[in-house]
Amino acid sequence: MGPYVLRRVLMAIPVLLGTTFVIYLAVYALPGDPIQALAGPNQVISPSVAQALRERFHLDQPLVVQYGLYLRGLLGGDLGTSFTGRPVTEIIAASWPVTAQLGGTAWIIMAVAGVALGVVAAVRRGAADAAVLFGTTLALGVPFFVVAYVTQIVFGVQLGWLPVSGVEAGWPLAYILPGLVLALSGLPQVARLTRTSVLDGLAADHVETAVAKGLTGTAVLFRHVVRNSLIPVVSLLGVSLGYLLGGTVLVEGIFNLPGLGYQIYTAIPQHDGPVVVGIGTMLVLVFLSVNLLVDLLYGVLDPRIRLG
Amino acid sequence: MPESPVLTVSDLHVRLGSTHVVNGAGFSLAAGRTLALLGESGSGKSVTARTIMGLIRPPHGRVTAGTVLLHGQDLLAMPEERRRALRSTTISMVFQDALSALNPVLSVGYQIAELFRAHRGMSRAEARRAAVDVLGQVRIPAAARRAGDYPHQFSGGMRQRVGIALAIALRPDVIIADEPTTALDVTVQAQILRLLGDIQREHGTALLLITHDMGVVADMADRVAVMYAGRVVEQATAAEVFARPRHPYSEALLGAIPRPHLRGRELAVISGAPPDLSVPDEGCRFRTRCRYRIEDCERNPPEHDLGGGRSTACHEWEKVGSA
Ligand SMILES: Nc1ncnc2c1ncn2[C@@H]1O[C@H](COP(=O)(O)OP(=O)(O)O)[C@@H](O)[C@H]1O
Ligand code: SF4
Ligand SMILES: [Mg+2]
């Protein structure tokens, strides 16, 4: 297990370098001038001020040099400075709790509801199965932002049950709607994989053994069907966390939650490269760590992998 | 029959989908004795065994008629909860392939301990000790350590010992063993059967043994039931059926082989194909392959009781084996 973990950690390094470079490239390729964007659309900036800013942020250097300088800073724990003058580490320190709460809430909703729906669809068949199939198709087909606006209007504005903007209400109230919207982006896949996996599980020979042992229906279902069937679902839940983190950019933007995603959401139109790259790197790091943990958990759940 | 039966199956009919897979199977098993269930593959032996265990259930299959009396109580008419309580405690099953019959992600000790927890209300620790004890009874070396291992870590023979451990753990009165050695190396087969026989004698368990090996029948079986196309066509003591079969199918299957030559010998392959059970048929199902066939065989033969627990389902039974 030890060498395996070490290998995975070493493998993460080139992945991390690659992704940061791609994000860097994407920000660099954004149309428009970052200095102009920083000043605002209608401001006139004197050429000497613009030049000074360009030098300060190394914008006058070729891309590769900029990236190299950035990496050098990164090694020393310096994620750079936003165009607004605030260190990126400080921005991250202030914003991550919001994203952690949002991502965690969404992930739990996705895991619990997705697995429950999948199990019910597989076990009950018939109408329940059809309803889950219909619901997941709908959730997959309707664009994300439509779902977000509709929930905001219905639950927030018309019914007035839950806040639709900001985090003043704290956890959990402020996070329920955005968490739900974010969860919906991965929930259909989780429900469907669970359903397929449980159906396969129900057909396995060892389930007959469990019945022949005289176990109760619940024990057979949970200990000998669902437990085995969840192994592939766990790995999907790990990967999904990555998509959820990506989705926070939009959801935090729409629901005005001052998290990491929100910082990226506002930094992109500003061409604020250090913020986008710094937070992006951060999110990739979280994603890679979670996937490592999930792989290790996979081994715990499936002795055939753990013991070879 | 002098002994009282512990398990009596009568007129069992089972449908899988639209196919009538079992068509009036019946036999009876005496306490502490061994009944061998013989027949070509596809004749409905496994489905009969699984029906007795209550493993054939809608939507996959349905029992359309018949009774399965265990200690005189009809399992098929019993509420599911009462029936569940009898599984493993009174009747249990050893499956053909232990690798697929065991849960791959739970340790074998846990899977055996589950029985003691579910039926004896033992605590985790007590059940675990009891499980190790049972693993010792099936002669698995270093049982205490191996209890923590998973099925894939055992050899085929050791794994089937675990399968047997599951079946004997709660000392049931009846064990059904469905070709328990066909998935194993020839060298291991004899050991597993000896183990099963030893435990049966020690515990006084009745055994319904499904097998293809006539040597095994000769060594272990007190009685034989021969199954064809979902029906038991002949029942007799092992000695009787080897000496003089009373059904053309038994005759073809067992031939007239002198006893010393039975060891390791598989059932004979007989010419012609088994009938398509999805097509309804009023006649004797064996008539397309039968050399005794007469006009009457267009009607399904009734079961003739020949006395002493012997029966045959053939119009021409008196002629069989006489030539
Ligand atoms: N799950 C199933 N679905 C449909 N048909 C089945 C199923 N299992 C067995 N059968 C059919 O039922 C018949 C009896 O099968 P089985 O009891 O397994 O035979 P045996 O054990 O005597 O070889 C065969 O024709 C087989 O094809
Ligand atoms: S009933 Fe007729 S066809 Fe069937 S086994 Fe007897 S003789 Fe053969
Ligand atoms: Mg079979």
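This structure is a prediction, so every number in the text was calculated from the model and none was measured. Just so we're on the same page: letters track the sequence lines, and every chain starts at 1. Heavy atoms only: backbone and side chains are in, while hydrogens, waters and symmetry mates are out.
Residues Leu166(B) and Thr209(A) form a side-chain contact, since some pair of their non-hydrogen atoms from C-beta on lies under 4.5 Å apart. Residues Gln111(B) and Arg223(A) fail the side-chain proximity criterion, which asks for heavy atoms closer than 4.5 Å.
For Arg50(B), the part lying under 4.5 angstrom from a heavy atom of chain A is the side chain only.
Atom CE of Met282(A) is surrounded by 12 or fewer heavy atoms from other residues, nucleotides or ligands within 6.0 Å.
Rounding to the nearest 0.5 Å gives a distance of 5.5 Å between CG of Leu106(B) and CZ of Arg227(A). Note that the NE2 atom of His119(B) and the CG atom of Leu215(A) stand 6.0 Å from one another [nearest 0.5 Å]. With values rounded to the nearest 0.5 angstrom, Leu55(B) atom CG is found 11.0 Å from Asp205(A) atom CG.
Of all heavy-atom pairs spanning Leu301(A) and Val105(B), the tightest one is O-CB, 3.8 Å. Minimum interatomic distance between Pro59(B) and Arg125(A) (heavy atoms only, all atoms of both residues): CG-NH1, 4.4 Å.
Chain A is approached within less than 4.5 Å, heavy atom to heavy atom, by Arg84(B), Arg87(B), Ser88(B), Phe95(B), Ser100(B), Ala101(B), Leu102(B) from residues 80-102 of chain B, ordered by number.
By number of non-hydrogen pairs under 4.5 angstrom with chain A, the leading residue of Ala118(B), Ser107(B), Pro104(B) is Pro104(B).
Not one N or O on the side chain of Lys213(A) forms a donor-acceptor pair closer than 3.5 Å with the backbone of Ala167(B).
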(message) One pair to check against side chain to side chain contact (heavy atoms under 4.5 Å, CB included): Gln153(B) and Arg304(A). What are the steps and the verdict?
(response) CA-CA 9 Å; Gln153(B) 295 173 290; Arg304(A) 287 164 298 183; over 6 Å; no
